[in-house]
Number of protein chains: 2
Amino acid sequence: MKVFPEKIEEGDSTPAYYQLARVLHGWIMSGELRPGDRLAPELELCCRFNLSRMTVRRAIAMLVDEGLLRRERGRGGGTFVVGPKVDGGVFLIPDFQEEMRNRGLAASVRLLKASLVPAGETAAGKLGLEKGGKIIYLERVLEGEGQPLAFDRKYLVYDPSRPLLEAELGHGDTRELFSRCPELMPVRAELSLSATVLRPREADILDSRRGDPAFCMEQLVWAANDHRVAWGWMIYRGDKFVFRSISRLL
Amino acid sequence: MKVFPEKIEEGDSTPAYYQLARVLHGWIMSGELRPGDRLAPELELCCRFNLSRMTVRRAIAMLVDEGLLRRERGRGGGTFVVGPKVDGGVFLIPDFQEEMRNRGLAASVRLLKASLVPAGETAAGKLGLEKGGKIIYLERVLEGEGQPLAFDRKYLVYDPSRPLLEAELGHGDTRELFSRCPELMPVRAELSLSATVLRPREADILDSRRGDPAFCMEQLVWAANDHRVAWGWMIYRGDKFVFRSISRLL
DNA sequence: GAGTGGTCTAGACCACTGT
DNA sequence: CAGTGGTCTAGACCACTCC
């Protein structure tokens with residue numbers, strides 16, 4: 001067993017649990033601890049770094065969340081280094097506005113259509129309404145630096161007491177569509193991501209060619225009390241979007 | 001302000017922090033607390049539920065991680081309900097084996113090719129090796145219930161002391177490829193997900209048609225000491241894979 | 001029984017921020 | 001200054017699991 005020279009600096013303004021997490025992370029990344037190895041027990045780490053157990057546990061918990069450590073109870077147990085999942089991972093897919101901010105591009109939204117339509121079978125089912133009831137249908141193009149990057153189609157529940165405002169429709173964030181209607185404010189969404197190819201109209205709108213690859217993100221939005229308020233899907237140009245797996249730690 | 005009738009049951013075997021997290025979650029989902037509202041301060045929750053502050057904080061932290069709460073320090077601060085991101089989210093994309101387990105399908109791997117080749121410019125760059133050095137090239141088909149679902153191409157660093165074994169190559173998990181070589185055991189991976197269409201050879205192998213939509217997941221794998229050990233990409237049939245955003249809580 | 005991690009407490013002090 | 005959250009401690013008891 002190796003000697004572990006790292007220390008937790010008292011003068012350091014970064015929290016002790018975070019410093020310790022970095023130390024443990026370093027042990028793994030440097031190969032000092034390898035997949036399958038067992039980490040020293042909590043109480044031993046407490047002594048070694050002169051920290052309380054809760055602090056040590058918090059550091060370990062960060063690496064467990066990250067998938068780098070696994071914990072087992074019982075006499076033969078302990079905290080073990082696991083090779084992380086390497087063929088799958090966590091993808092944090094940002095919304096359009098955020099993605100444009102990340103890229104440093106100016107995001108804009110162009111409204112193509114906004115109309116009151118009778119709900120078809122599918123939309124009615126998705127929104128939990130009766131078929132034929134009035135709902136709002138939106139079509140919008142999401143642009144970055146003036147270039148069309150995504151095509152958004154959405155159905156919204158219709159609230160007669162809430163007039164449609166251009167200012168709201170022209171905003172990229174779905175939340176803004178309900179900004180003046182607290183009862184319908186979203187609290188949850190289900191998203192699903194699939195691969196698709198552009199159909200003629202989509203290609204035209206997105207300044208691309210039919211058959212080009214694209215992402216399709218379907219979206220179902222819930223307000224309080226299990227009330228569904230929006231359903232739609234967004235087509236992202238495949239040549240403009242690549243999503244990266246992220247480790248939130250360190 | 002409403003009355004909050006919920007209690008933390010002592011007899012319940014589920015941890016108190018988890019029970020409290022469910023209560024808070026319920027307040028938001030039921031609309032009792034709406035986006036923008038301020039949650040009671042920690043000490044007030046401690047009194048109300050007869051819990052210590054650390055336990056209350058742990059419950060709150062779960063909802064903060066979930067994106068449902070936001071915390072602010074200072075006199076005017078507090079814990080606020082935020083409308084969660086509704087146009088983007090967290091996607092936990094599982095590896096192939098896991099995905100098949102989830103679906104209850106029998107996963108199998110068919111090896112198409114395994115050869116020692118000189119590293120081209122790109123592969124050498126990705127793996128941090130010299131161009132022309134020997135590396136391993138693999139082609140494999142990942143099948144579910146006998147049906148081809150994904151096509152995997154991968155370059156591996158070549159270790160002369162480690163003979164290639166059929167048993168390893170036929171396993172779906174990248175980690176298994178290094179199972180007898182502790183120095184090269186993966187500790188980290190970068191994945192990137194893009195949309196693509198099947199090219200003729202891919203379509204042929206995947207029993208699909210050229211131009212069909214597909215996901216492409218590029219993968220770069222690190223072992224300890226910043227040593228890169230594998231680079232490749234996997235083509236997932238678009239008609240067989242849809243990825244869903246997940247909230248890990250409750 | 002012995003050793004591990006899982007939960008929980010009742011305090012303490014600090015950092016931040018609006019009043 | 002007052003009130004918020006952020007960190008940390010030194011203990012306690014429990015659940016689990018191998019020996």
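Note that this is a predicted model, so its numbers are computed, not measured. Below, chain A is the first sequence line, B the second, and so on; all start at residue 1.
The existence of a salt bridge linking A:K126 and A:E190 is excluded, since no basic side-chain nitrogen approaches an acidic carboxylate oxygen closer than 4.0 Å.
Distance CZ/B:F91 to CZ/A:F243: 8.5 Å, rounded to 0.5 Å.
The ring-ring contact (aromatic ring centres under 6.0 Å, His included) test applied to B:Y236 returns B:F241, not counting sequence neighbours. By the salt bridge (Lys or Arg N to Asp or Glu O under 4.0 Å) test, B:K240 pairs with no residue at all, sequence neighbours left out.
B:E32 places no side-chain N or O within 3.5 Å of a backbone atom of B:G26 that could act as its donor or acceptor partner.
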Checklist outcome for this item: Under a 4.0 Å heavy-atom criterion, the protein footprint on nucleotides 3-10 of chain C, written with B, S and -, is BBBBBBBB
